[in-house]
Trainee: 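The structure follows.
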Amino acid sequence: MQLLEIAPLITAIALVVSAIFVAIQLRNVRRDRFTAVTNELFGIWQSADFMAAQLWLIHDVAETFWAEFRSRHGKDGEAAFLRVTGFYNRVGTLITLGIVDERTILRTIGATAYAVWTKAKPLVEGARAENVTLLREFERLVPICRTFLQTETTSY
């Protein structure tokens, strides 16, 4: 056999091996991105400042009207509220964009996200007088959390 006769076969094999290599690399990039994003989210979620703000919102905030909330808690309260709800809004965005798998992240934060939304919903409705799109991705996340929590509870 002449080299010219087997050259197309060698080229085809090289292309197939290259395509397999690229596919493996792309899968690894997706896995690395997922790991980096979820590690960052979990780092924020378990940080002392975030957890304190989140628990304050869930357990201590009694107001149901945005103006009353702002009057009583001022800028610090508003900042804590937006820190916590903004985090869950970002999680909702990442899930919507397909960057984070909802089942994986909601196993850790789903119950807390649902508790935060339950407490924050009346305040969000009032705050939307100033910003109509405020926390839309968080709101879209809530039914997923509820469905996921019901599924997880019945699977044990």
Side-chain angles (χ1 to χ4, degrees), residues 17-156:
V17 169
S18 295
I20 291 169
F21 178 76
V22 167
I24 291 169
Q25 289 299 97
L26 287 174
R27 188 176 68 198
N28 289 339
V29 166
R30 269 196 309 266
R31 186 177 24 237
D32 290 346
R33 179 182 67 178
F34 172 80
T35 301
V37 169
T38 55
N39 282 344
E40 183 70 24
L41 289 173
F42 188 67
I44 293 166
W45 187 77
Q46 70 175 4
S47 72
D49 290 344
F50 181 83
M51 195 57 70
Q54 180 170 247
L55 293 175
W56 170 76
L57 180 59
I58 293 171
H59 298 295
D60 297 336
V61 171
E63 296 77 22
T64 57
F65 296 102
W66 182 241
E68 178 187 4
F69 173 84
R70 288 176 72 184
S71 174
R72 179 158 185 218
H73 300 289
K75 289 181 181 179
D76 290 340
E78 187 174 353
F81 175 84
L82 292 173
R83 178 184 311 125
V84 173
T85 57
F87 170 81
Y88 290 112
N89 198 64
R90 176 55 58 101
V91 170
T93 300
L94 293 171
I95 288 172
T96 299
L97 294 174
I99 294 171
V100 175
D101 175 62
E102 65 191 42
R103 290 191 55 84
T104 303
I105 195 71
L106 294 179
R107 285 182 200 275
T108 304
I109 68 170
T112 314
Y114 189 76
V116 167
W117 181 259
T118 300
K119 191 68 173 240
K121 183 180 179 185
L123 298 172
V124 171
E125 290 170 355
R128 284 186 177 157
E130 299 168 12
N131 178 354
V132 295
T133 63
L134 182 71
L135 304 171
R136 289 288 186 207
E137 294 298 325
F138 185 9
E139 187 173 21
R140 288 184 185 122
L141 182 65
V142 175
I144 300 168
C145 290
R146 186 175 30 243
T147 301
F148 178 76
L149 291 171
Q150 291 167 348
T151 303
E152 287 297 306
T153 306
T154 59
S155 68
Y156 290 113

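Throughout, numbering of the chain's residues begins at 1 and tracks the sequence.
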Trainee: What's the separation between atom OG1 in T38 and atom CD1 in I99, rounded to the nearest 0.5 Å?
Mentor: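 Reported to 0.5 Å precision, the distance equals 12.0 Å.
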Trainee: Do F87 and V116 come within less than 4.5 Å of each other through their side chains, counting heavy atoms only?
Mentor: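 Side-chain contact under 4.5 Å: no.
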Trainee: Looking at residues at least two apart in the chain, or sitting in another chain, which of them share a side-chain hydrogen bond (donor to acceptor under 3.5 Å, both in side chains) with R140?
Mentor: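 Residues passing side-chain hydrogen bond (donor to acceptor under 3.5 Å, both in side chains) with R140: E137.
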Trainee: Considering only heavy atoms from C-beta outward, does the side chain of L141 approach that of L106 to under 4.5 Å?
Mentor: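 Touching, per the 4.5 Å side-chain cut-off.
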Trainee: To check you understand the geometry: which heavy-atom pair defines the closest contact between V84 and F50, and what is its length?
Mentor: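 Closest approach of V84 to F50: CA-CE1, 3.5 Å.
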Trainee: Kindly assign one of parallel, tilted or perpendicular to the pair F138 and W117, based on the angle between their ring planes and the thresholds 30° and 60°.
Mentor: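 If you compare the ring of F138 with that of W117, the planes turn out perpendicular.
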Trainee: Drop me the distance from T35's OG1 to E40's CD, to the nearest 0.5 angstrom.
Mentor: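 Output value for this atom pair is 13.0 Å.
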Trainee: If we only count heavy atoms from C-beta on, is the L123 to V61 side-chain gap below 4.5 Å?
Mentor: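 Yes - at least one pair of side-chain heavy atoms lies under 4.5 Å apart.
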Trainee: Can you tell me how far the OG1 atom of T85 sits from the CD atom of E139, to the nearest 0.5 Å?
Mentor: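 Rounded to the nearest 0.5 Å, the OG1-CD separation comes out at 12.0 Å.
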Trainee: Walk me through whether T112 and Q54 qualify under side chain to side chain contact (heavy atoms under 4.5 Å, CB included).
Mentor: CA-CA 9 Å; T112 314; Q54 180 170 247; 3.2 Å; yes
Trainee: Could you work out, with side-chain hydrogen bond (donor to acceptor under 3.5 Å, both in side chains) as the rule, every residue matching T104, not counting sequence neighbours?
Mentor: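 Scan of T104 (side-chain hydrogen bond (donor to acceptor under 3.5 Å, both in side chains), adjacent residues dropped) gives D101.
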Trainee: So how far is it from D49 CG to M51 CE, rounded to the nearest 0.5 Å?
Mentor: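 Interatomic distance, D49 CG to M51 CE, rounded to 0.5 Å: 11.5 Å.
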Trainee: Can you confirm whether F34 sits close enough to I105 that some side-chain heavy atom of one is under 4.5 Å from a side-chain heavy atom of the other?
Mentor: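 F34 vs I105: side chains apart.
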Trainee: Would you call L41 and I109 a side-chain contact if the rule is heavy atoms closer than 4.5 Å?
Mentor: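 Not touching, per the 4.5 Å side-chain cut-off.
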Trainee: Rounded to the nearest 0.5 Å, what's the gap from CD1 on I95 to OH on Y88? Could you check?
Mentor: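 If I round to the nearest 0.5 Å, the distance is 11.5 Å.
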Trainee: Provide the closest heavy-atom pair for L135 versus G86 in the form atom of the first, atom of the second, distance.
Mentor: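 Heavy-atom minimum between the residues: CD2-N, 4.0 Å.
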Trainee: To the nearest 0.5 angstrom, please state how far the OG1 atom of T96 sits from the CD atom of E102.
Mentor: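 Separation between the atoms: 9.0 Å.
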Trainee: Grab the two heavy atoms, one from R136 and one from N89, that are nearest each other, plus how far apart they are.
Mentor: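 Here R136 and N89 meet closest at N-OD1, 3.5 Å.
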Trainee: Return all side-chain donor-acceptor pairs below 3.5 angstrom for residues 69-78, not counting sequence neighbours, or 'none' if the list is empty.
Mentor:
from: R70; atom 1: NE; to: E78; atom 2: OE1; distance (Å): 3.2
from: R70; atom 1: NH1; to: E130; atom 2: OE1; distance (Å): 3.2
from: R70; atom 1: NH1; to: E130; atom 2: OE2; distance (Å): 2.4
from: R72; atom 1: NH1; to: E63; atom 2: OE2; distance (Å): 2.8
from: H73; atom 1: NE2; to: E63; atom 2: OE1; distance (Å): 2.9
from: H73; atom 1: NE2; to: E63; atom 2: OE2; distance (Å): 3.4

Trainee: May I ask you to say whether R128 pairs ionically with E125, meaning some side-chain N is under 4.0 Å from a carboxylate O?
Mentor: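 Judged by the 4.0 Å cut-off on N to carboxylate O distance, R128 and E125 do not form a salt bridge.
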